[in-house]
Amino acid sequence: MAASKPVRKARAALVALFVLLIGMGGLLAYGVQQDKAQWAPLLALDLEGGTQMVLSPQVDEGEEIDDDQLEQAVEIIRQRVDGTGVAEAEIAVQGAENVVVSLPGTPDEETRELIQASADMEFRPVLKSRYDTAFAEEVSLREAAEDGASEEELAELEEFLEQESQQQEDEETEGTAQPEDFPEPEGEPEEGNHSDPNWITPEIAAEFENYECTTELSMEERSAQDPDAPLVTCNPSTGEVLLLGPVDVDGEYINDASWGAESRPDGSTTGAYETVIHFDNAGTELFRETSQRLYSFPEGDDRNRFGIVLDGQVIVAPNMRAVITDGNASITGGYTDEEAQTLAEQLRYGSLPISFEIESEQQISATLGADQLRMGLLAGIIGLILTAGYAIYQYRALALAVTIPSLVVVALITWWALSLLGWSDGYRLSMAGIAGLILSIGLTADSFVVYFERVKDELREGRSLAGAVEAGWARARRTILASKAVNIIAAVVLYLVAVGNVRGFAFTLGLTALIDVILVFLFTHPLMQVLARRRFFASGKRFSGLSAKELGVDVLYKGAGRFARSNVVYSEQAAAAVGVGTDEETTAEDPTAEEEKKPSRKLPPSDPEAAAARREEVPDIPEEEWAKMTIAERRRARAKAQANQADAEQAEEAETKEADN
């Protein structure tokens, strides 16, 4: 016998969940085998311990840094540490000048360099530019895929990328550029003119021709860059290689940076966004001189542009379209709101020319320790046991068949997800994160309660279990999705406005809400669809969680072809599904039915003609609405129709009498 459509859909959902579990488990097993991951989630500083470094700022003799600069330094270090994938780091100011950085585990050399390095920002004029073709096409292909380009367009880009890569390989086989391949400059560069082509020596020209955007600069190379000499670097967001002149304006002259909607001269908006740099008084004068020099070159000439360099790489290289005299330079380029904001933050926080030196470093133990971790895990286990115990008490075998397996599956998915995030993004589980997981147990149990109670309500209305599962799911689904949407919104808002360990709480809360939605759709409901076809649950056996006692009413179907009258008003569809007439039909055809209400009594089948006759009594109700009504609603509708008919007859009789008189 072929399976029904709900059962087929349920099996497909369970297979999808099985594939998801196999995929997550297989990926994690591969990471463990390659020594890149571990089965257990990584632990944060408060649970595992780590390394604490005390940093002191390096400034010129006689100079001091103020509180604002120190706070900016903390923000820059935090952004850099987060960018390396190290989560749950603690960064704070100690005393008047020192900064304390506490990292879980042992930081690598690259992280140490990032923490100590300065964040010098420079404005340099562009002398020459070219594209690293292969790198630029990779960027274009990635952006096209993110923008939803069609498969044909992506295929064309990939083909072009292969051709360009082959051409670049052919050029590389011919040999790299050498200084003797380029002429000597005509003379010494003009003093103060950083756009003078005479800055380009044969050595610089050869470096420019050989430079690739994939070149990684160490912190030593970045700190060794001479502000009074040309610089060859790249814009990694576009793949453009740039030969820049000496520094015109240092980033320390930036007072602030903002972003907003780009406007036309008439005041109307273009729909794009712009970033505005605000210089201080000294910076305003320096940038006025620079803009005046660059604006003298025609648009299209490389020397009409300037590059903003942060940590040795260009973040943007715009054209100079006007002389800037007020110290407010607007950068446009069809930016989105997010792109303009990111550029503004880079300009605002990247203009701090302070480096740090590690004064002391020591290994620290967990701030909470193993005891607190055990207590947190114990609290979670107790919560699971209490939740499972209540579910078994309330729903009997239904809890054993659905709730307990669902909790096991959601725990497994959450565990593997945290482990995979630790491998891919360096996520570490803190005590605040564990608190979010414990709270999620109750939120997950809410979904079961809402769903099961909806199903029981439908059973009380007279539907069979299979019909009650579908009808109950249609109603419970909206409630569950609304509830989880609220949880996710709260978690996102909390994550965005919070810092430190509170973010760990928000992250796990939001993650488990998403997993709960996946679980309900791919496991809980499909499993209920399958169980609804099993005799033990469908017939309302004792301890099934759906028996008459547990529903608080007597059930219609008693099993083995036995039926009984019920305190519940069942719909005619439910009665027809099990092959029995409704109470009204039984009473009409068997006058002794009122006297004999034993559960084992077999009732005669439904009379279609009698049902059709009763349907004709209420012709004003649409057929679709009539099919959804329970027998109680139909009785009330027929009684109302009969009362209206009686009123109409009485009114007619009264009119007749008046006419006779």
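This structure is a prediction, so every number in the text was calculated from the model and none was measured.
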Over all heavy atoms of both residues, which pair between [X] and [Y] is shortest? Give the atoms and the distance, please.
X: L465; Y: L531; answer: CD2-O, 4.5 Å
X: F543; Y: R396; answer: O-CB, 3.0 Å
X: F452; Y: V402; answer: CZ-CG1, 3.8 Å
X: A399; Y: P405; answer: O-CD, 4.1 Å
X: P41; Y: S419; answer: N-OG, 3.4 Å
X: L21; Y: W416; answer: O-CZ3, 3.2 Å

[Y] backbone acceptor or donor facing [X] side chain under 3.5 Å:
X: T387; Y: G383; answer: yes
X: T512; Y: L437; answer: no
X: S102; Y: Q52; answer: no

Could you check whether any side-chain heavy atom of [X] comes within less than 4.5 Å of a side-chain heavy atom of [Y], counting everything from C-beta outward?
X: M24; Y: L20; answer: yes
X: L398; Y: M528; answer: yes
X: Y451; Y: V469; answer: yes
X: E339; Y: Y273; answer: no
X: V32; Y: W39; answer: yes
X: Q394; Y: E453; answer: yes
X: L439; Y: F505; answer: yes

Name of the residue among V408, L412, I413, T414 meeting side chain to side chain contact (heavy atoms under 4.5 Å, CB included) with V410 |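 Among the candidates, only T414 passes.
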Nearest 0.5 Å please: distance from the [atom1] atom of [X] over to the [atom2] atom of [Y].
X: T403; Y: Y395; atom1: OG1; atom2: OH; result: 8.0 Å
X: I438; Y: L509; atom1: CD1; atom2: CG; result: 12.5 Å
X: I381; Y: I385; atom1: CD1; atom2: CD1; result: 7.0 Å
X: S464; Y: L459; atom1: OG; atom2: CG; result: 8.0 Å
X: L103; Y: T51; atom1: CG; atom2: OG1; result: 6.5 Å
X: Q341; Y: W259; atom1: CD; atom2: CH2; result: 3.5 Å

Return the set of residues passing salt bridge (Lys or Arg N to Asp or Glu O under 4.0 Å) with D337 (not counting sequence neighbours), or none when no residue passes.
-> none
Is the CD atom of Q34 crowded by more than 12 outside heavy atoms at less than 6.0 Å?
->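 Count over threshold, so yes.
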Can you list the steps and then say if D457 with E461 is a side-chain contact (heavy atoms from CB on, under 4.5 Å)?
-> CA-CA 6 Å; D457 287 343; E461 290 293 329; 5.8 Å; no
Steps toward side-chain contact (heavy atoms from CB on, under 4.5 Å) verdict (V520, W473) | CA-CA 10 Å; V520 171; W473 169 246; 3.4 Å; yes
Between Y427 and T508, is a side-chain contact (heavy atoms from CB on, under 4.5 Å) present by the stated rule, with each step listed?
-> CA-CA 11 Å; Y427 175 78; T508 54; 3.3 Å; yes
Tell me which donor-acceptor pairs under 3.5 Å the side chains of residues 474-489 have, and how far apart each pair is, sequence neighbours excluded?
{"from": "R475", "atom 1": "NH1", "to": "E458", "atom 2": "OE2", "distance (Å)": "2.7"}
{"from": "R478", "atom 1": "NH1", "to": "A474", "atom 2": "O", "distance (Å)": "3.2"}
{"from": "K484", "atom 1": "NZ", "to": "L443", "atom 2": "O", "distance (Å)": "2.9"}
{"from": "K484", "atom 1": "NZ", "to": "D516", "atom 2": "OD2", "distance (Å)": "2.7"}

Test side-chain hydrogen bond (donor to acceptor under 3.5 Å, both in side chains) applied to Q529 - qualifying residues, sequence neighbours left out | E470, H525
Before giving the answer on side-chain contact (heavy atoms from CB on, under 4.5 Å), spell out for F448 and L407 the whole-Å C-alpha distance, their side-chain angles and the decisive distance to 0.1 Å.
-> CA-CA 10 Å; F448 301 127; L407 290 175; 4.1 Å; yes
